[in-house]
Amino acid sequence: MLDIKRIRQEPDTVKALLAKKHVKVNLDTVKELDQKRRQVTLQIEQLKARRNQSSEAVSQRKKRGEDAEALIVETRQVGEEIKALETSLEPIDKELQDFLLTVPNTPLPQVPAGESAADNVEAHKFGTPPVFSFPVQAHWDIGEALGILDFERARKISGARFTVLADGGARLSRALINFMLDHARARGYQEMATPYLVNAASMFGTGQFPKFVDDVFHVVPHDYYLIPTAEVPLTNLYRDEIIAAPLPLKFTAYTASFRAEAGAAGRDTRGLIRQHQFDKVELVRFEEPEKSEAALQQMLRDAESVLEDLGLPYHTVMLCGGDMGFGQALTYDIEVWLPSYGKYVEISSVSTMTDFQARRAGIRYRPAGSKKTELVHTLNGSALAVGRTMAALLENYQMANGHVQIPEALRPYMGGLDQL
RNA sequence: GGAGGGGUAGCGUAAUUGGUAACGCAGUGGUCUUGAAAACCACCGCCUUCGGGCUUGCAGGUUCGAGUCCUGUCCCCUCCGCCA
């Protein structure tokens, strides 16, 4: 959520920044609603002050045994006025709140202009795409041939966009998770294991709701939501809290993630790339506002180095305004080379949300020497998406005989096994 | 899922028949001190258009006035049931 004060004070700047995200918002409506709300609120508070006074006076008279009937009648009228004004304020308040919840975060100044992924700017590159002396196979073919991916039975027991990992596939996935968690822990992230089902308040806190309700799974009879990313439970750990511990706070968690992928029909229908359920190791960081941009660079390196340790070629792009997400102020996508696609494919997204989530979720801290609390900055990133990493491994490390080499760094997690 | 008990400031506790949230500890700043402790003073939830308003888990209701009464709901504890 954006600061209403900021919208009030510099509407043109906000408007210009949002235009960079190719979002058009009618800030004039906000301005009108805000003015009206402030005006009515003032009236209400003045009347309440009067009611508090006469109510106290009633109390005094009664204590002295005097008659207070006239005063009670008068106070009752004030109460009725307050009620009427409050009733008139309700729709204004609701409309303003509802609107503010749908306004995206403003991008930072360095975000490149642009409309789509084509306008993203390459920031870093590692490795070179492998050259094969034999026909390249896609990971779904490699996996099925090796008996480690079973899409057909997954369709039977669940449906489209689900996968069964079998034998070495399950083992490889678990190895990757452990490898990634250890990698994050070595870089100072505290490991957490969180619920996969969260309440609606958490979804509002990180910004999935109200705009993206249709993208998540709703467990109807109990009114829980399946997390679309561990960013949700991790960031909401400190919802409605004033963080007492010294910042930064760095967390990592492995969780399954669930996405409805509504409207995605036909895209990436084969393989592990786009699933309703996938595994991910996530990084979340709570940081002081002045340090959040430097923190973002660190987190980016924390994620990139996973791919470097696995020897997978990738490049990193800074997202242009039009390709950015709802709550992000600055986002880097890490894209891994996928031979079957013949291009780089997103495997991680690392972002600073500035104070956008913190304001929604009420996450504050007390700056050293300050009496007032301030909103923290929240950052998050994947390190990494496990299914996509597995796909990249199978494809980049495939051999002519259909088997797949296991990179050095992963072998200790596979009991020394060097190929599948 | 059922029955009972509970939720008040970071922690522990108060608040007559409904009368306008009190106290202790912890913490922060100050006085005093060579320094510290002790003592004393102030601060010690949120918003504010600086008038004031709000805050007893949350949302409503009754009332001139609700921590207190009523309804709904969330969470915690104990017991029973179920269960990995």
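Any value given below was found using the heavy atoms of this structure, including those in side chains, with hydrogens, waters and symmetry copies removed. Naming convention: chains lettered A, B, ... in sequence-line order (proteins, then strands); numbering from 1 in each chain.
Comparing the C1' positions of B:G67 and B:A14 gives an interatomic distance of 11 Å, to the nearest angstrom. For the P atoms, the distance from B:U28 to B:U62 is 46 Å, rounded to whole Å. The same atom, C1', is picked in B:C54 and in B:U20; the two are 14 Å apart, to the nearest Å. Taking atom C1' on both nucleotides, B:G5 is separated from B:C47 by 36 Å, rounded to a whole Å. For the P atoms, the distance linking B:A3 with B:U8 amounts to 25 Å, nearest Å. To the nearest whole angstrom, the two C1' atoms, one in B:G53 and one in B:U48, are 8 Å apart. Look at the C1' atom in both B:A21 and B:U16: the space between them is 15 Å, to the nearest Å. Nucleotides B:A59 and B:A66 place their C1' atoms 15 Å apart, quoted to the nearest Å.
Nucleotide B:C23 has B:G12 as its partner under the Watson-Crick or G-U criteria, with both atom distances under 3.5 Å. Remark: B:C40 base-pairs with B:G30; criterion is Watson-Crick or G-U wobble with both hydrogen-bond distances under 3.5 Å. Under the Watson-Crick or G-U wobble criterion, with both distances below 3.5 Å, B:G65 has no partner in any strand shown. In this entry B:C83 has no Watson-Crick or G-U wobble partner, no candidate having both defining distances under 3.5 Å. Pairing for B:A59 goes to B:U71, judged as Watson-Crick or G-U wobble with the two contacts each under 3.5 Å. When Watson-Crick and G-U wobble pairs are counted only if both distances are under 3.5 Å, B:G51 pairs with no nucleotide at all.
Heavy atoms of A:Lys63 sit under 4.0 angstrom from primed sugar atoms or phosphate atoms, though from no base atom. Nucleic acid contact class of A:Asn199 (heavy atoms, under 4.0 Å, all strands): none. Base engagement by A:Ser59 is indicated by at least one non-hydrogen atom pair under 4.0 Å involving a base atom. As judged by a 4.0 angstrom heavy-atom cut-off over every strand, A:Arg76 is placed among residues touching the sugar-phosphate backbone only.
For A:Gln275 (side chain) and A:Thr163 (main-chain N/O), a donor-acceptor pair under 3.5 Å exists by modelled atom type.
Defined by atom type and a distance below 3.5 Å, a donor-acceptor pair is present between the side-chain atoms of A:Asn26 and A:Thr29. A:Glu395 and A:Ser340 share a side-chain donor-acceptor pair at under 3.5 Å.
Between A:Phe258 and A:Tyr196, the ring planes lie tilted relative to each other; the angle falls in the 30° to 60° range. Relative ring orientation between A:Trp337 and A:Tyr344 is described as perpendicular, the plane-to-plane angle rising above 60° on a 0-90° scale split at 30° and 60°.
Near RNA chain B, defined here as any heavy-atom distance below 4.0 Å, there are no residues from residues 85-98 of chain A.
Annotation: of the two residues near RNA chain B, A:Arg8 and A:Glu56, the 5′-most nearest-nucleotide partner is A:Glu56. Comparing A:Arg51 and A:Ala57 along RNA chain B, the residue whose closest nucleotide (by nearest heavy atom) sits nearer the 5' end is A:Ala57.
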Donor-acceptor pairs under 3.5 Å, side chain of residues 317-330 of chain A to any protein atom, not counting sequence neighbours: which ones?
from: A:Asp323; atom 1: OD2; to: A:Asn120; atom 2: ND2; distance (Å): 3.0
from: A:Gln328; atom 1: OE1; to: A:Phe326; atom 2: N; distance (Å): 3.4

Listing, residues 57-65 of chain A side-chain donor-acceptor contacts under 3.5 Å, not counting sequence neighbours, or none:
from: A:Gln60; atom 1: NE2; to: A:Glu56; atom 2: OE2; distance (Å): 2.8
from: A:Arg64; atom 1: NE; to: A:Glu66; atom 2: OE2; distance (Å): 2.9

Could you tabulate the donor-acceptor pairs under 3.5 Å formed by side-chain atoms of residues 7-17 of chain A, not counting sequence neighbours?
from: A:Arg8; atom 1: NE; to: A:Asp34; atom 2: OD2; distance (Å): 2.7
from: A:Arg8; atom 1: NH2; to: A:Asp34; atom 2: OD1; distance (Å): 3.3
from: A:Arg8; atom 1: NH2; to: A:Asp34; atom 2: OD2; distance (Å): 3.4

Which donor-acceptor pairs under 3.5 Å do side chains of residues 70-77 of chain A form with protein atoms, sequence neighbours excluded?
from: A:Thr75; atom 1: OG1; to: A:Leu71; atom 2: O; distance (Å): 2.6

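Each of A:Leu379, A:Val376, A:Leu234 was checked for a side-chain contact (heavy atoms from CB on, under 4.5 Å) with A:Phe286, and the lone residue meeting it is A:Val376.
When ring centroids are compared, A:Phe356 and A:His377 stay outside the 6.0 Å threshold.
Annotated as anti: B:G61, whose glycosidic dihedral deviates from 0 by more than 90°.
Where RNA chain B meets chain A (any atom under 4.0 Å from a heavy atom), the bounding nucleotides read 5' to 3' are B:G19 to B:G65.
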